[in-house]
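First up is the structure itself, then whatever we jot down about it.
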Amino acid sequence: MRKKKVNGLEMAMFIISMSFVFFTAGCPKKQTLPPDQEKKEVTQPAPPKATEELKKETLEPTPPSTQTPAPSPTPVTPPPPPLTAPSPMDQKLISIANGEILLNPKLKEDAQLIQKRLSDLGLYKGPIDGIWGRGSEAALKAFKTENALSNPFRWDKETQMLLFREMPPDPEVMKRAISKGEIFLNPLIPQDAKLIQSRLLELGFYKGPIDGIWGRGSEAALKAFKEKNNLENPTQWDKETQMNLFR
């Protein structure tokens, strides 16, 4: 029997056919999933954190903030109102009441001040004209007689200090002013002498009458008081003695 001769083209086709059959039979097909399962696998959330990590985050305290808080504003205290200085006239009246300035009724300006003060006390009824006449002299005499001052027509330092001194109407206020030295008493003025005698009598140093006459009995009582309190110049009346006596 004659063998059939195989040409090259047939051989090539045969090899390609066998290769295709082998490849198809040897490689497994990829399994396909339903559409709903594919979607679930794609959108599946990330696995939760481990239990140890959650505990660590819960137990660890939150670090405090390092930011420095803004300081609260300091309240501003308004300055106290400035003290009002006494006017030149008020300063002059203070000097007159203290006896630092001695008025002269023959001078018009001084006579007007005296007339005004006597008018305020209801003793002078004439005009405030600075003319020192009979009406002014009568008013001065009435004032000095009322306060047991000698020489009723003479103008002197004691009369001036008593006339221009402001005495508080409240006894307690007056007592505090005297104890602080704001009102300086003059033993030569009967009204002041009575206050000093009354205080010395209250403390057991004075035994005489409260008559406003500063005599030997009053001087002896003042001396005994100053010696007991170790004050200098036992017979001299001064502001330090007054403040110690009326405190």
Supply the atom-to-atom distance I196 CD1 to D192 CG, rounded to the nearest 0.5 angstrom.
-> 6.5 Å

Provide the closest heavy-atom pair for I183 versus Q242 in the form atom of the first, atom of the second, distance.
-> O-NE2, 2.6 Å

Can you get from L118 to L107 by hopping between Ile, Leu, Val, Met, Phe, Trp and Tyr side chains that sit under 4.5 Å apart?
-> no

Between atom CZ of R165 and atom CZ of R117, what is the distance when rounded to the nearest 0.5 Å?
-> 10.5 Å

Sub-3.5 Å donor-acceptor pair from the side chain of N104 to the main-chain atoms of K106, do we have one?
-> yes

Might you work through the side chain to side chain contact (heavy atoms under 4.5 Å, CB included) test for N98 and M161, ending with a clear yes or no?
-> CA-CA 6 Å; N98 293 334; M161 292 176 65; 5.8 Å; no

Considering all heavy atoms of both residues, which atom of L140 and which atom of W132 are nearest to each other, and what is their separation?
-> CD2-CZ2, 3.9 Å

Give the C-alpha distance, both sets of side-chain angles, the deciding distance and a yes or no for side chain to side chain contact (heavy atoms under 4.5 Å, CB included) between L185 and F246.
-> CA-CA 11 Å; L185 301 178; F246 287 91; 3.9 Å; yes

Using modelled atom types only, decide if a donor and an acceptor are shared between the side chain of T241 and the backbone of W237 within a distance under 3.5 Å.
-> no

Does A220 have any side chain to side chain contact (heavy atoms under 4.5 Å, CB included) partners at least two apart in sequence or in another chain, and if so, which?
-> none

Determine the minimum heavy-atom distance between E158 and N186, stating which atoms define it.
-> CG-ND2, 3.7 Å

In terms of hydrophobic clusters joined by side-chain contacts under 4.5 Å, are L121 and L93 together?
-> yes

Correct closest heavy-atom pair for I96 and Q160 would be O-NE2, 2.9 Å

Backbone N/O of L103 and side chain of W155: donor-acceptor pair under 3.5 Å = yes

With sequence neighbours left out, write down each residue that passes salt bridge (charged side-chain N to carboxylate O under 4.0 Å, His left out) with K92, or none if nothing qualifies.
-> E109

Would you please name every residue forming a side chain to side chain contact (heavy atoms under 4.5 Å, CB included) with L203, sequence neighbours left out?
-> R199, F205, F225, L245

Output all residues satisfying salt bridge (charged side-chain N to carboxylate O under 4.0 Å, His left out) with R154, sequence neighbours left out; order by chain, then residue number.
-> D156

Specify the closest pair of heavy atoms between I213 and S218, including all atoms of both residues, with the distance to one decimal.
-> O-OG, 3.6 Å

So do E219 and T235 actually touch side chain to side chain, heavy atoms under 4.5 Å?
-> no

Distance-only, no hydrogens or angles: does the K108 side chain make a donor-acceptor pair with backbone N or O of P105 under 3.5 Å?
-> no

So, the side chain of K144 versus the backbone of S150: is there a donor-acceptor pair under 3.5 Å, distance only?
-> yes

Partner set under salt bridge (charged side-chain N to carboxylate O under 4.0 Å, His left out) for K116, not counting sequence neighbours | D120

How long is the gap from NZ on K157 to CD1 on I101, to the nearest 0.5 Å?
-> 11.5 Å

Qualifying residues under salt bridge (charged side-chain N to carboxylate O under 4.0 Å, His left out), relative to K226, sequence neighbours excluded = D238

Heavy-atom closest pair, residues A193 and G212 | CB-O, 3.4 Å

Inter-residue atom distance K194.NZ - I210.CD1, 0.5 Å rounding | 9.5 Å

Heavy atoms, side chains only, cut-off 4.5 Å: are Q115 and D129 in contact?
-> yes

